[in-house]
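Presented below is the structure to which this report refers.
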Number of protein chains: 2
Amino acid sequence: MKDITSQQNKVLNCIQVYIKKTGFPPTRADICQELGFKSPNSAETHLRALEKKGFISIESGTSRGISIINPEIEHDGNDYPIIGLVAAGSPTLATENVEKVFNCPQGFFGSNFDYFLRVRGLSMKDAGIMEDDLIAVKKTQDIKNGDIVIARIDDEVTVKYFHRHSPKIVHLQPANEDFSNIEIDLEHTELFIEGKSVGLIREN
Amino acid sequence: MKDITSQQNKVLNCIQVYIKKTGFPPTRADICQELGFKSPNSAETHLRALEKKGFISIESGTSRGISIINPEIEHDGNDYPIIGLVAAGSPTLATENVEKVFNCPQGFFGSNFDYFLRVRGLSMKDAGIMEDDLIAVKKTQDIKNGDIVIARIDDEVTVKYFHRHSPKIVHLQPANEDFSNIEIDLEHTELFIEGKSVGLIREN
DNA sequence: CATTATACTGTATATATATTCAGTATTAAT
DNA sequence: ATTAATACTGAATATATATACAGTATAATG
């Protein structure tokens, strides 16, 4: 993510606060009023800069068409997004990945979590994780050996047991004898941990 | 919370999905397009009804000024008892069997259900049902072959696949090769079906 | 039976809003 | 030294949008 100037950061914060307060994004004029600008073009240019740098997206010709990209995931109450476990690509909250939202009380699973991941394949079947199950994923890097993690290698996302063999070697173990262990040398391969599983839901 | 009609519910869902997808609320026209209405006034009247009933708030004179009001968390109809799968005895709702209650939105699993059953043992592990999982049980006698049923033989309660071989012979099949099939001759043994599994929750 | 709520179509319009254009000024980079 | 990015004011405008008004029709209610 690119650099952001202090003024642009003010605008970004302003947008976030406005959405939190009202439930919908601000207009150019709203931003001007919040930050004391006198011309809507002040807001416009900041918005275009933020868009160019990838912090927001602006829907052209659409009123209040601002949306924040990759925000801290805020579950506005109790709706959690369900994200399809696509073969390639990060399971981000990019809109095209959100299957639907699922209403779930806070603290449903002991730990808090950020989204649901729809499971594809049977590589974790011996851990009781079946096709189409919903894994409650908590975005965290705090992983212990034996945790079930959502890992990304390049653009491939998988759910596996996490085992650190040595500072540089990590094993991603399936729970299905038909699948083989993945050994990762962190020296040569980039491993990104999206988070870990803190719960599971199955709809029959 | 007041009653909501099915059409109003569609509109409310439409708003939620739209916000989740785009980051901002829909216009009247957007709702019309999503739901197939031909007049913006169709959306308008539904919105006013939803506002009157307290599901949304509408900022007057403001484009996309719709925000969803978080309903009071209803503990009335949404607390389901968790019942321990005891080795002996029927999993009745007698208070002494209720571990605790679990708050869960209505319609959480497609079908309605009556209580949660805490799983003991691994006899259904190949069906992805592990120790300590919570099975959502619907009390019903409407069982098809292949359903996962909660069955009681004398005072023994088990969770198994249901297979009717003949009018008098029922097989209760585990999903674990370490356990053996149970064949029941209804002529000589009494089999009571407590209900069937319609969902599953796992807390890690 | 009259009334109210629901559930729409269709038209019209004031205004809310995005967006472009024309400037000015400062700072960082090439 | 010149370009590019930042950081604004101010005015103008096409259009996106809320919203009122005029109808039609059905079901529920008292």
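Please read all numbers here as calculations on a predicted model, not as lab measurements. Chain A is the first sequence line, chain B the second, and so forth, proteins listed ahead of strands; every chain is numbered from 1.
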ask   = Where each residue is assigned the nucleotide of DNA chain C containing its nearest heavy atom, which of A/Asp30 and B/Ser39 is assigned the position nearer the 5′ end?
value = B/Ser39

note = Of B/Gly36 and B/Ser63, the one whose nearest nucleotide on DNA chain C sits closer to the 5' end is B/Gly36

query = Is the CD atom of A/Glu190 crowded by more than 12 outside heavy atoms at less than 6.0 Å?
reply = no

key: Positive for side-chain contact (heavy atoms from CB on, under 4.5 Å) with A/Val159, one of A/Val137, A/Ile135, A/Leu172   = A/Ile135

task = Identify whether any heavy atom of B/Ser42 sits under 4.0 Å from a base atom; if not, whether one sits that close to sugar-phosphate; answer base, sugar-phosphate or nothing.
result = base

request  = Name all residues meeting the side-chain hydrogen bond (donor to acceptor under 3.5 Å, both in side chains) criterion together with A/Lys125; count only those two or more places apart in sequence or in a different chain, and write none if there are none.
outcome  = none

message = When you compare the side chain of A/Ile129 with that of A/Ile148, does any pair of heavy atoms fall below 4.5 Å?
response = yes

ask   = Taking all non-hydrogen atoms of both residues, which atom of A/Leu117 and which atom of A/Ile150 are closest, and how far apart?
value = CD2-CG1, 3.8 Å

Name the pairs: protein N/O against N/O of nucleotides 5-7 of chain D, kept only if under 3.5 Å.
unit_1, atom_1, unit_2, atom_2, d
D/dT6, OP1, A/Lys53, NZ, 3.2
D/dA7, OP1, A/Thr5, OG1, 3.4
D/dA7, OP2, A/Thr5, OG1, 2.9

message = Ignoring hydrogens, what is the shortest heavy-atom contact between B/Phe24 and A/Thr62? Give both atom names and the distance.
response = CE1-CG2, 4.0 Å

note = Going 5' to 3' through nucleotides 24-30 of chain D and flagging B where a protein heavy-atom sits under 4.0 Å of the base, S where only the sugar-phosphate is that close, and - otherwise, we get -------

Side chain B/Asn145, main chain B/Arg164, donor-acceptor under 3.5 Å = yes

ask   = What one-letter contact string describes nucleotides 19-30 of chain C from 5' to 3', where B marks a base within less than 4.0 Å of any protein heavy atom, S marks contact via sugar-phosphate atoms alone, and - marks no contact?
value = BBBB--------

request  = Send over the distance from A/Leu47 CG to C/dT17 P, rounded to a whole Å.
outcome  = 14 Å

request  = Kindly say whether A/Leu186 contributes a backbone atom to a donor-acceptor pair with the side chain of A/Thr189 at under 3.5 angstrom?
outcome  = no

ask   = From B/Lys160 NZ over to B/Ser197 OG, what is the distance, rounded to the nearest 0.5 angstrom?
value = 13.5 Å

ask   = Over how many whole Å does the gap from A/Phe24 atom CZ to C/dT17 atom C1' extend?
value = 14 Å

query = Who pairs with B/Asp30 by side-chain hydrogen bond (donor to acceptor under 3.5 Å, both in side chains), at least two apart in sequence or on another chain?
reply = B/Tyr18, B/Thr27, B/Arg64

inquiry  = Check for me whether the distance between the ring centres of A/Tyr161 and A/His171 falls short of 6.0 Å.
reply    = no

task = Quickly work out the B/Ile31 CD1 to C/dC8 C1' distance and round it to whole Å.
result = 15 Å

query = Salt-bridged, B/Asp114 to B/Lys139, with N to O below 4.0 Å?
reply = no

message = Taking B/Arg118 first and then B/Asp133, would you say they form a salt bridge - that is, a charged N and a carboxylate O separated by under 4.0 Å?
response = no

ask   = Taking CZ from B/Arg64 and P from C/dA18, how many angstroms apart are they, rounded to a whole number?
value = 9 Å

ask   = Per the end-axis method with five pairs at each terminus, what is the bend angle of the helix from C/dC1-D/dG30 to C/dA28-D/dT3, to 10°?
value = 30°

